[in-house]
Structure formats: C-alpha cells, structure tokens
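Each chain gets a letter, A, B and so on, in the order the sequences are listed, and its residues count up from 1.
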Amino acid sequence: MNAFDYEAPQSVDEAISLLSAGNGNIGILAGGTDLIAQLKEGRKIDLMLDLKQIPEATALSFDEDSGLSIGAATSCSKIYSYDVVKNHYPALVDCTSLIGSIQIQNRGSVGGNFCNASPAADTPPAVIVLGGTCRIAGPNGTREVAAEDFFSGPGQSVLQSGEFLISIQVPTPAANSGAFFLRFIPRNEMDIAVANAAASVVLDSEKTTIQEARVAIGAVAPTPLLVADAGAALAGKAVDDEDAIEAACAASRAAARPISDMRGTIEQRIHLSGVLTRRAIQGAIQRAKES
Amino acid sequence: MAIKKEDYLGIENYKVVGTRPIRHDGTDKVTGRAVYGPDFHLTGSLYGKTLRSPHGHARIKSIDTSKAEALPGVKAVVLGKDLVQNYEDKVSDLGESSVDLRFLIANVLAGDKVLYDGHAIAAIAATSAHIAEEALNLIEVEYETLEPVLEVRRAMEDDAPLLHDDLKMRSLGEETDQASNIANHFQHKQGDIEKGFEEADIVIEREFATGTVHQGYIEPHNVTAHWTENGKLTIWCSTQGPFEVRGQVADVLGLEVGDVRVIPQEIGGGFGGKFRVYEEPTAALLAQKTGKPVKMVMSRTEVLKATGPTPASYIKVKMGATRDGMLTAAQAYMAYEAGAYPGSAVGAGAGCIFSPYSIPNSLIDGYDVVVNKPQSSAYRAPGATNAAFASETVIDEICEQIGIDPLEFRLKNASKEGTRRADGPVFLRIGQEEVVKAALAHPHYSAPLEGPNRGRGVAAGFWFNGGGTSTVVASVNPDGTVALVEGSADIGGTRTSVAMQFAEVLNLPIEDIKPNVTDTDTIGQTDGTGGSRVTFATGWASYEAAQDVKRQMIERAATLWEISKDDIVFEDGSFRSKSDASKSMTFKELAGRVNRAGGPVVGRAAISGKQAGPAFALLIVDVEVDPDTGKVDILRATIVQDAGKAIYPGYVEGQMQGGVVQGIGWALSEEFVYNDQGVMVNASFLDYRMPTTLDMPMIETVIVEVPNPGHPYGVRGVGEVPIVPPPAAVANAIYRAVGIRLNELPMSPSRVLQALWKADGSHGQAAD
Ligand SMILES: Cc1cc2nc3c(=O)[nH]c(=O)nc-3n(C[C@H](O)[C@H](O)[C@H](O)COP(=O)(O)OP(=O)(O)OC[C@H]3O[C@@H](n4cnc5c(N)ncnc54)[C@H](O)[C@@H]3O)c2cc1C
C-alpha cells in the first residue's frame, strides 16, 4: 500500500471542491470494505476522501411523500435496524443483512455497494425493483438517475469525475405491494452471489391479481439488470398463474448474459436466473398478501 | 442387535485422565494475550517480502534486481543462487514426510525454472513492509513461459511437458532411466486378485477425482530470523515441528543443526502444513546479509499459492463381494499430484484405502506424479481422505446392490486383531468393530429422515497414527508444583493432555503442573506435532518422566527418614513408610524438603519407536439437496471414533468435529482453481471456500475406547482420522437423497446440478 492523504469534508460543497481541485487519484471512502481491500491489493490513490462527516451522506430518514432517503455512506446495519425499513422495505433487509458478516455490515454501505459497481453486488436488484433513484452531487449541482441506469459496466457507473453519490431515494411502497430479494451462494454466508434476484409486485385490493411487477437480476451480466419483460409477463395476471411466473423466469433467463468463472458457469447462472426469479416473485407475492 | 456401552467404552477409574480441566493456555488464547509468531518483534527488525512467479511453468532467463536495490529503504536482496549450491545429495526430514534436499532448496527460492504460480524467486529486506513490497515491483524478471501441466492424468501422458529434466521414474522399487513426471510407481499385493474377483457375485469398478485442497490454517506462515555475533542463528516461527525446521534450515543453508536454534511460537493451526520450511531460510539469509533481524509474514494469497496443499488425485477402485456380503477382492489404481516436486501422500493413501476391511485378495498401484502446482504437504491423515472417497462410495454401491445395510456390511467385513492390511502390516488390537457397533447403536442411525431430497450416508475411515521420538523433563518446585518441559508444539491442547498423564501418576492437581513448550536448545529431540502422535508419544514420555520423579522422590524420602527406599510406597498422593505409619509426607511436603535431602528432583524421559495404535472413524451424515440449485445442506452429522483412551474428552471431541468440518469442506466446496496458464484464480478465503459456522450443524461425537495395547493409558492418536470419512459419507447421502452418484470432489452446486440434469436428461431450463 502506498502513502496517501486523507480528508474528511464536513459538507457536500467542501467535498465537491476537494474532488474538483486536481488532487490526483481520489478514493472516496464510505465504509471502506471494498476500498481498503482494493488498496491492499495494489490500487493506488493520492487522496482518501471520507464522506462520513457529511451529514447527508450518513442520514437515514423517511417521509410518506418522498419515501426513504438512505445516505450513501449509511451502514447496512443501521439500515436494517431502522423500524421503517423493517416494516415497509423488507427487501432492503434481505439484501443489507446478508452482505458479508456483521462486521462488514457495520461498515459497508449501500452507496459503496453501488459505486463499487460489482456485477454481483447484492443491494442493486432490491433497490431497482423498489423503484429507487440515485442522487448524485457534482460541480454543476445534483442530478437523479434511476437505480437501473446507474451502472455502466463491471466496476463502472455513470458517475463523472468530480461527482459523488449522496443518497439513494426509495419511494413509499404502494398499498398491497411486496418485494423480496435473494441470492444463490454455495455457502450460507460470506460469499459472492453466483446469481441474485429481486422482485416487487403490487396486487389488487383482493390480493388475487398482480397489477404491476418488477424483476431485477444480478451477477449474470456486466451490470445488474432490470428485466422489463419479466415484469410485463406478470402484470395483470393472477397471483397463482403458473404460466405467467414461468414466462417471467424465461424472461430472466433470456436477459442473462453471464460469464463462466470460478464462481459459476454460464449454464448454471442462466438456470439460476430462472430459479431465483421464481423464488423472488413467490416471496414478493407472499409479502404483498401479508401486507 | 443389542449393543451396550461397555462394548465400546474403556475403563473410567482415573482421577485426572478422562476429566475436562481448564486448559493451561486457554485464557490467554481466548483473550488475545498468547504470543503468536506475527506478534513477536525484535527491535531493529527489517521486513522481508518474497517475489513470486506469476506463471505456472516458466524458465527464468534473467533477473535484474538493480532498481529494487536502489530504492531507499531496501537493505538486501537474495536469489536462489544465494542458497548453498554444493549440497550433498540427501533427504531432509519433514516430520510426516521427507524430501530430497535439492528439491527443498529449489522450492525455497527457485533456480532457473519456476514450477508453479507463486513459486518464490527472490526476496527483499527493507525498513518497512510497504517498501519491501514496492521494491518487489522493481525486480525485472524475464521469463520463457512453458506449457503448464495441471492434472495428474495429463502429467502421466507420454507427450506431457516434463517439469524436471533430471527426474527419472522409480518403478516397483527399482531406479529406471525413464525421464518422466511420474516420480514413483509402487505396488502392494496380497492373495490372488483374479481369484478374488472370480469368487465375487458382484464386482463394481468406478473412477474418482479429487481436487487440490489446502489445510486452511488461519495463521499465515511467519518467521523472524536473527544471527548472534558468533554466527549462530535463532529462528522464531510458527511450526508443528521445531526440530524439523532446525534440520531443514541447517540443510538449506549448509549449517550444522547445532548452529541453529528454533523457538516455536504459539501456532494458529497447521494440520500438517507447518512442517516444511518456506521463508525461514530466506529470512535467515536476509538477516545474515544485513546484520539485522528480519521478519517475514506471508499474506493469505501467498499461503494459498505457495505453501503445501494436499494432492489432487485420480483413483480407480474395483471391489468384489459375495451375495451374502463378504468382500473377496479389492483393487486400486491411485495417482496423486505431488505438486512441483516428488513426495505426494499416495503411499499413505495406499496404506489406508482398504484398511477398515479384512479383504483376502488385493492389489494396489500407486503413482507419485509431479504437476505445476505448489509442492503438496501433509494434511490431516494425508492421502487417506482421497482414498476413502473412492473405496467407501464403491462399498456403498455394493451394499445397495446386494441389499445389505451399509453398517452391517462394514461390521461383517471389519478389520480386527490379526487382519493383514493390503500394504502388509498385521493389526494388533484395534477398534473398528466397536466403532461400527457404536454407530449402529446411535439414535442418529435409526432416526427417521423425512422430507423430499433428503438422504443419509455413512462411510468409514482409517489412519495409521504415528509414534516417533519425544522428550520430557519435569522439575519439581519447592512448593510442590512441577515445571513440565516438552518439545511438542501445542496445536490441539496437548500441553494439558500431556500434563494430565503426568499428574495422573503423581496424583497431582492439574493446575500444579506447568507445561512449557520450549525450543530446540532446551529440550531433547522431539518429533513434530503430526501423525496424531503428541498425546500418545509425548504423553507417554510424560508418564515415564512422572515415574522418574516418583522414583527420585522416594529416594529423597528414604534419605530424610533414614530408611530403605524399599520400605516406601507412594499412595493417594503421599509417600509413606510401610513399616512405620508415623512416617508420611504429601508430595508437596516432600517437595519442600528435597533440595536439602539429595538435591532438586528433575525427572526425565526420552522415548522412541513405540508402537502407535491405529485409529478408525465412522461418519453418519444427513443431507438435503436443493434440486433447483444443486446446493447440499448438511442437516445432521455424527462421528464415531476409537480414541483408545480419551485423556481429555473435550479435546478428542474437538478434533473429531474439526476433522469432520474440514472433510465436509473438502466434500462440498474447497478446491484450488487454476486457469489454463496455471495461475491460481481463487487464492483468497473468499473464493477458496471453507465451510463457515452457518454451513455446519452441531456435530455429534461418540468416543469409543478400545485401549491401545502398550500405551500406559491405552491412548491412540485422534487428530487425523475424522477427516477421512466425510467426502464419501456425503456422496453416499447425496445418492440416497436424489439418486445421483458423484465421483468428483468437491461436490459443488454446479457439479450436483450437472449430474441431476444428466440423470433426468434435461438441461436445466425445464427444471425450474
Ligand atoms: C468480507 C467481505 C464480504 C463481503 N460480502 C459482500 C456481499 O455479500 N455482498 C456484496 O454485495 N458485497 C460484499 N462485500 C463488498 C462490500 O462490503 C460491499 O460492496 C459494501 O456495500 C461496500 O460498501 P462500503 O461502504 O464499504 O464501500 P467503500 O469500500 O467505502 O467504497 C466502495 C467503492 O465505492 C466508492 N464510493 C463509495 N462511496 C461513494 C460515493 N458516495 N460516491 C462515489 N463513490 C463512492 C469507493 O471509492 C470505492 O471505490 C464484501 C466485502 C468484504 C470485505
């Protein structure tokens, strides 16, 4: 590891000016569970910019109208311990509570998970199906990007130089809705997803018909994917319509463009996209029924 | 069958042996006070780092270290040519195995060829670890890459690239002229194999492959080396075998063993992998060049890429049995990957593969084969787990086909006293029958297993256990406590189990014994902590040392009382005169007076060559297979094992559970993955997947006690054999759960899925 400078700006503006000041290679620090590991493996930076003194970056709040706001550096454990999240966003509990271990969850953040932009990251699918957006700050003010549009490739996002992610906004769930996230790993913890998937559904007031659905899959393409065809296959169908669910699974399999590596083969990952899509949809429907 | 506890449990009339006191080193290890190698630091130390090959197989054309040497903070650079080159042809002792010195040297720092990804090439000492690391990037090495040989069957082919130009195959005990990657081919024959298969009603032949797996100890290899002004070398390190390290370091550096002192620190796991030296000689060279202490600590990636895993293997097993369930013949072809240099555990594997059974006719061919992977090392019952995966699944298939309960079959065919093993030796009293009986009697075996995709499997395992040399010295303190000095690195709580055997003789409270693991200059030769030998052999020496103390104490009492020592007995913790009841002293009282009655009492014992007691284990395991994902969950596991006598039952149970966990990791998720260039792509604990606590149920244990004849308390070794049955038992359970037989380890989700798809003719698309 080489020597580098460290700054902890107190405000968004201060962070922006540090980012724009030509400080060489900057490593933005949230929990550091990716960044510090990367530094140890040879990533070189000149300045470490710690976001955790910026109030917006570690905030966590909820408002009926605007929904849930998750500061980019808010730790996973703070998120899943928040009553609002427990009661209204169980899919966020699913994903934040299985990242690494408790130690990792105490440091690691959803913002870091997004900005690291691993194709196998565990929080994007849930945020995508919940209709989340990313608030990005930059020299020209802030902009918002839909969660599914945030990623541009392995390790790459739409963040431009001088920009950083301030928060993730997740709208208030509709009535009679439910969402669910799961992943497949060979062990029961401490692993990287071979494939993962999330689904959300909005049911009618009888809770027998799916009015609207979203499905997202991860670790099976260069970026997390919103599978629009899967959602379309479910919309307007009965909750127990096996053909519709199978059509959604087929849509996920068709959308998957995985690679083979030591964590899984192409064939296995395509297959798992279908299996996990089915389980995510069933989980989401179950939660919607219980809501 | 009615089986009583007395059928498999030994006597229990001891005072100390068989209890569970608080271990002497326990609190410090739990609170973090214990000193491990990386904690050890000498003022003025430099930090060493090793440059390693990025290629699986390459010739080194040139090395230029000038830029690295010019970096401020860099104090020395060493290369392979700095190691002794004019060594004699000799074999260096590695405790559980041995190695030709030329290979040991070339593994420490490569000569003109690198033979695996991670092979050490050069090392740098600098004022900080970061500078040393940075300097590594400045060393310029020019390679000519060669085709790597990454699998044992490929390595044995005639057109496979050769790793060593000068390696000639040894065949059936004879040297040959044939240049080959096969270092050795041996054979064990018993009875008439053809006739045996003719007598069989059913014959099954299957092929198996197992992956390269690592011991996975949490503490990385580490060393601090320091020279005295008069040219003596001291090494602080984490090792299972301080005396083996002393010997290897002396061999590699061309020193006498008397020039080297090895001080073992607390050890954070070894499992067989901490016998061989890696950076110890390198650190010594750097320390010699700079005149400063040099400390080196490996990273996890270095540990995985460049220290000894256990061999991957290809095994073909053919077994025959009669319809009424008697084995008539067994044949095995076993090819093990030695890694870059000869010396895999195939010999041990061949000695274990059929040993739980009495089989009249057998034939085993073993091949030790070099491949472009790190030199393999011992790992808990080295070679036996691979072997049992093959033989124990074939036996399961035989049981299924003739319709016999797999435990009844194992009982019918069990090895017993007098059985001759396929590799020659005849068993003395052993406990395989008792182990199988205890398994049959266990409620797990008869518990209902309900629900789809669930199955129960069993498998047996055998391990020889080791004897070896141990020295113990015991000094009696005036307050009646005893300083017990031993040379066995304590991996599994052996300080306490060795001290307990001492305390039992003298009827002392265990807290009054202060066990110390010391260094190679302060205790006599003691072989390393391997082969499950310490509680057996060092325990035996400790028992003998206690007898020596008792003899001397009786002499001192005789002097004090001015009576004949024949008139004195030691009973219930007191020395008494048989003829005069008024003359009686407790151990403590006498201890306070011996210094003025003939001098301090120092007991000692050095033992060697005692007959170790072989161990048998049997695992019952329940699994559930997720047919959609191929994931296998372990629902319940019970390990039954003959300990001879459990000195400290908690340690025995811990060893049994630990072995099962490692065996399950091997079964389901652990393996080295190489790309076609021979680069290991999963050299981290993220992708080299060892089981976590969430992957394991509580592992139930049943200790069987069939005393080992000879040992004062009947101890057999316990540490290794429990790793042997799990892969086969899990494979057998998977078969019973979902009807597929897997013949390749690990039985990862993708392999299970593939096998399920193959079995039902689908490609997975329909399965969801
Ligand atoms: C043992 C272990 C287990 C893990 N298990 C999982 C797992 O199960 N699932 C999973 O998905 N991940 C896992 N991870 C990866 C990691 O923990 C997660 O990606 C985590 O969410 C990262 O958050 P962080 O706050 O630690 O990010 P950091 O390491 O602080 O940052 C990650 C990257 O994003 C950049 N960055 C951070 N915040 C911002 C921002 N606001 N704006 C711009 N750039 C930013 C950083 O510069 C860095 O490049 C694991 C890591 C470890 C070490």
Side-chain angles (χ1 to χ4, degrees), chain A residues 1-4 33-34 37 39-42 44 98 100-102 104 118 120 182-197 242 245-250 252-254 256 258 260-282, chain B residues 128-134 136-137 211 299-301 626-634 664-665 667-675 679-697 746-754 756-757 762-768:
Chain A
M1 204 193 287
N2 66 327
F4 50 81
T33 60
D34 281 315
L39 295 178
K40 285 189 174 173
E41 279 162 15
K44 299 231 178 305
L98 56 64
S101 58
I102 289 178
I104 296 295
S118 155
L182 81 168
R183 68 176 178 183
F184 178 73
I185 56 172
R187 286 188 294 204
N188 290 325
E189 65 167 347
M190 292 302 263
D191 225 321
I192 291 191
V194 179
N196 60 22
E242 267 305 312
I245 294 179
E246 177 46 36
C249 296
S252 283
R253 287 194 301 262
S260 280
D261 64 11
M262 74 254 181
R263 293 173 189 143
T265 61
I266 291 175
E267 203 182 10
Q268 180 191 12
R269 285 186 159 125
I270 290 179
H271 169 77
L272 286 171
S273 303
V275 172
L276 298 180
T277 294
R278 167 179 299 272
R279 292 180 183 182
I281 293 168
Q282 285 165 340
Chain B
S128 86
H130 298 301
I131 294 175
E133 254 169 30
E134 209 182 319
L136 292 182
N137 297 325
S299 68
R300 179 68 53 202
T301 298
D626 181 336
D628 290 338
T629 63
K631 183 159 180 279
V632 175
D633 275 315
I634 307 292
I664 289 175
L668 294 179
S669 56
E670 292 183 39
E671 107 182 280
F672 280 28
V673 182
Y674 284 89
N675 68 16
V679 173
M680 186 180 174
V681 294
N682 65 334
S684 77
F685 275 164
L686 179 56
D687 285 313
Y688 180 81
R689 295 191 170 90
M690 302 204 302
T692 71
T693 46
L694 293 190
D695 300 307
M696 289 295 139
M747 297 175 282
S748 60
S750 60
R751 288 210 176 107
V752 172
L753 263 189
Q754 292 289 347
L756 286 167
W757 292 343
S762 79
H763 281 285
Q765 306 294 340
D768 58 41

Practice prompt. Let me know if A:Leu276 has heavy atoms under 4.5 Å from chain B in its side chain, its backbone, both or neither.
Written response: neither
Mind checking the [atom1]-[atom2] spacing from [X] to [Y]? Nearest 0.5 Å is all I need.
{"X": "B:Arg751", "Y": "A:Thr265", "atom1": "CZ", "atom2": "OG1", "result": "11.0 Å"}
{"X": "A:Met262", "Y": "B:Ser750", "atom1": "CE", "atom2": "OG", "result": "13.0 Å"}
{"X": "B:Trp757", "Y": "A:His271", "atom1": "CH2", "atom2": "NE2", "result": "5.0 Å"}
{"X": "A:Gln268", "Y": "B:Thr629", "atom1": "CD", "atom2": "OG1", "result": "9.0 Å"}
{"X": "A:Glu41", "Y": "B:Ser299", "atom1": "CD", "atom2": "OG", "result": "9.5 Å"}

Under a 4.5 Å heavy-atom cut-off, does chain A meet the side chain of [X], its backbone, both or neither?
{"X": "B:Gln754", "answer": "side chain"}
{"X": "B:Asp687", "answer": "side chain"}
{"X": "B:Ser748", "answer": "neither"}

Worksheet entry | Options B:Asn682, B:Asn675, B:Thr693, B:Val681, ranked by heavy-atom pairs under 4.5 Å with chain A, top entry | B:Val681
Practice prompt. Return the option, out of B:Leu686, B:Asn137, B:Val632, B:Val673, with the maximum number of heavy-atom pairs under 4.5 Å with chain A.
Written response: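 Counting heavy-atom pairs under 4.5 Å, the top option is B:Leu686.
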Worksheet, complete the sentence: Applying side chain to side chain donor-acceptor pair (under 3.5 Å) to A:Gln282 and not counting sequence neighbours gives none
Discussion item. Donor-acceptor check, side chain of A:Arg187 to backbone of B:Met690, threshold 3.5 angstrom: yes or no?
Written reply: yes
Worksheet item: With distance as the sole test, does A:Asn188 use its side chain to make a donor-acceptor pair with the main-chain N or O of B:Leu694 at under 3.5 Å?
Response: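 At least one qualifying donor-acceptor pair exists.
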Worksheet item: Do the side chains of A:Asn2 and B:Glu134 get nearer than 4.5 Å, heavy atoms only?
Response: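 Not touching, per the 4.5 Å side-chain cut-off.
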Worksheet item: Charged N to carboxylate O below 4.0 Å: is that the case for B:Asp628 and A:Arg279?
Response: yes
